[in-house]
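Proteins come first, then strands; the chains are lettered A, B, ... in the order of their sequence lines, and each starts at number 1.
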There are 2 protein chains.
Amino acid sequence: MELVKIYECLCDPTRLRLLNVLAQGPVCVCHFQDVLGEPQVKISKHLAYLRERGLVASERQGNWVIYGLAAKPSRELRANLACLQECAQSIPVFKRDLARLKKIEPLCAWVRAGDPGKAPGQCRCG
Amino acid sequence: MELVKIYECLCDPTRLRLLNVLAQGPVCVCHFQDVLGEPQVKISKHLAYLRERGLVASERQGNWVIYGLAAKPSRELRANLACLQECAQSIPVFKRDLARLKKIEPLCAWVRAGDPGKAPGQCRCG
DNA sequence: AAACCATATTCTCACGAAGGAATATGCTTC
DNA sequence: GAAGCATATTCCTTCGTGAGAATATGGTTT
């Protein structure tokens, strides 16, 4: 059942936080590390988990990799992501993450714009 | 996170089917066996799993045990059960289960009524 | 109280998933 | 092409879960 696959993706706190952030728009991996405050391996592996199951998609942009929600989600996925967002609104962890995201949002936008010519040698996350 | 506990409950096909059936009202265990066509142990263990995590509650009625959805669900639980129902509408397995449930519904109602005086020695499920 | 029914629990096995440390890959810059 | 950065993968250990067989429990009937 595809529905079960979706719920399997949702039954880990780190993945829920990732999806909550992604609901705001595409984000690059190093920003995830910054926003969630979790180690690189953890972030990377959970993103891979979500990618293999089709919840998110990734695109390389020079040194960075940008993740975004699936382009054309199934009805079930759309419904559940909407439900998650509704629930997340009232849960502190998620609100904190979005607050931190807002602070670095300009950087995210800049990375997303993806003009390699202007890219500096080092990510400005830290 | 309580939200994760909910999703853990939802990431198994058998449990999804149980919850889908329960959305129609309380049901006794032997009827679950009949509707899902799964062995007793399986049903019983998954119901226990859901009960330990507060998604469902059980009540003994003579030889039978009747399960129902949690009386006062959290906002998150309510939202997710609603979402599940919406998704289930278009998925064959769930529709089949509800169809089979309908056939034995009078029996369910009778068990729920719970007049031990009239109870026969044997469940009429099979 | 013995037989019986519906349900629950225990035991064992196999498997997948999460976390961390170490290492590999792909780009980019010098 | 060597060094450096961001990200991915591998290896290992630990833990929870699902399934089935067998057995236990609690209530009921005779």
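A cation-pi arrangement is found for B/R15 relative to B/Y49, the charged atom lying closer than 6.0 Å to the ring centre and inside a 45° cone about the ring normal.
Taking the side chain of A/V65 as heavy atoms from C-beta on, and the options C/dG26, C/dG20, D/dA8, the nearest nucleotide is D/dA8. Comparing D/dG20, C/dA6, D/dT7 by their closest approach to the side chain of B/K45 singles out D/dG20. Distance from the side chain of A/R53 is smallest to C/dA17 among D/dA8, D/dG20, C/dA17. Nearest nucleotide to the side chain of B/R15, out of D/dG18, C/dT9, D/dG26: D/dG18. Here D/dG26 is the nucleotide among D/dG26, C/dG26, C/dT7 with the atom lying nearest to any side-chain atom of B/N63.
When each of B/V29 and A/Y49 is assigned the nucleotide of DNA chain C with its nearest heavy atom, B/V29 is the one assigned upstream, toward the 5' end. Both B/P13 and A/S44 sit near DNA chain D, but only A/S44 has its closest nucleotide nearer the 5' end.
Straight-line distance from the CD atom of B/E52 to the P atom of C/dA8: 11 Å, rounded to whole Å. Per the geometry, CD belonging to A/E38 stands 13 Å off P belonging to C/dA18, to the nearest Å. Atom-to-atom, CH2 of A/W64 to C1' of D/dG4 comes out at 12 Å; the value is rounded to the nearest Å. Note: CG (A/L50) to C1' (C/dA17) measures 13 Å, nearest angstrom. Atom CZ in A/R60 sits roughly 6 Å away from atom C1' in D/dT7 (whole-Å rounding). When rounded to the nearest whole Å, the span between CD1 of B/I66 and P of C/dA6 equals 14 Å. A straight line from CG of B/L36 to C1' of C/dT7 spans 16 Å, rounded to a whole angstrom. Counting to the nearest Å, the P atom of C/dA6 and the CG atom of B/D34 are 12 Å from each other.
In the interface, the side chain of B/Q40 is not paired with the base of C/dA6 through any donor and acceptor atom under 3.5 Å apart. Side chain B/K42 to base D/dG18: no donor-acceptor pair is found below 3.5 Å. Scanning atom types as modelled, no donor and acceptor separated by under 3.5 angstrom connect the side chain of A/E8 and the base of C/dA17. Put simply, the side chain of B/D12 and the base of D/dG18 share no donor and acceptor less than 3.5 Å apart.
At the heavy-atom level, B/F32 lies nowhere under 4.0 Å from the strands shown. Residue-level contact check: A/V41 touches the bases, meaning some heavy atom is under 4.0 Å from a base atom.
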(message) I'd like to know whether A/V56 forms a side chain to side chain contact (heavy atoms under 4.5 Å, CB included) with A/L19, so could you lay out the CA-CA distance, the side-chain angles of the two residues, the decisive distance to 0.1 Å, and finally the verdict.
(response) CA-CA 9 Å; A/V56 307; A/L19 290 169; 4.1 Å; yes
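Contact check, A/H46 against C/dG19: a side-chain N or O comes under 4.0 Å of OP1 or OP2. OP1 or OP2 of D/dA8 has at least one side-chain nitrogen or oxygen of A/Y67 nearer than 4.0 Å.
Nearest heavy atoms, A/W64 versus A/C28: CD1-SG, 4.2 Å.
The same ILVMFWY cluster, assembled from side-chain heavy atoms under 4.5 Å apart, contains both B/M1 and A/L18.
Exactly one of A/S58, A/S44, A/C30 qualifies for a side chain to side chain contact (heavy atoms under 4.5 Å, CB included) with A/V65. That residue is A/S58.
Donor-acceptor pairing under 3.5 Å is recorded for the side chains of A/S74 and A/E2.
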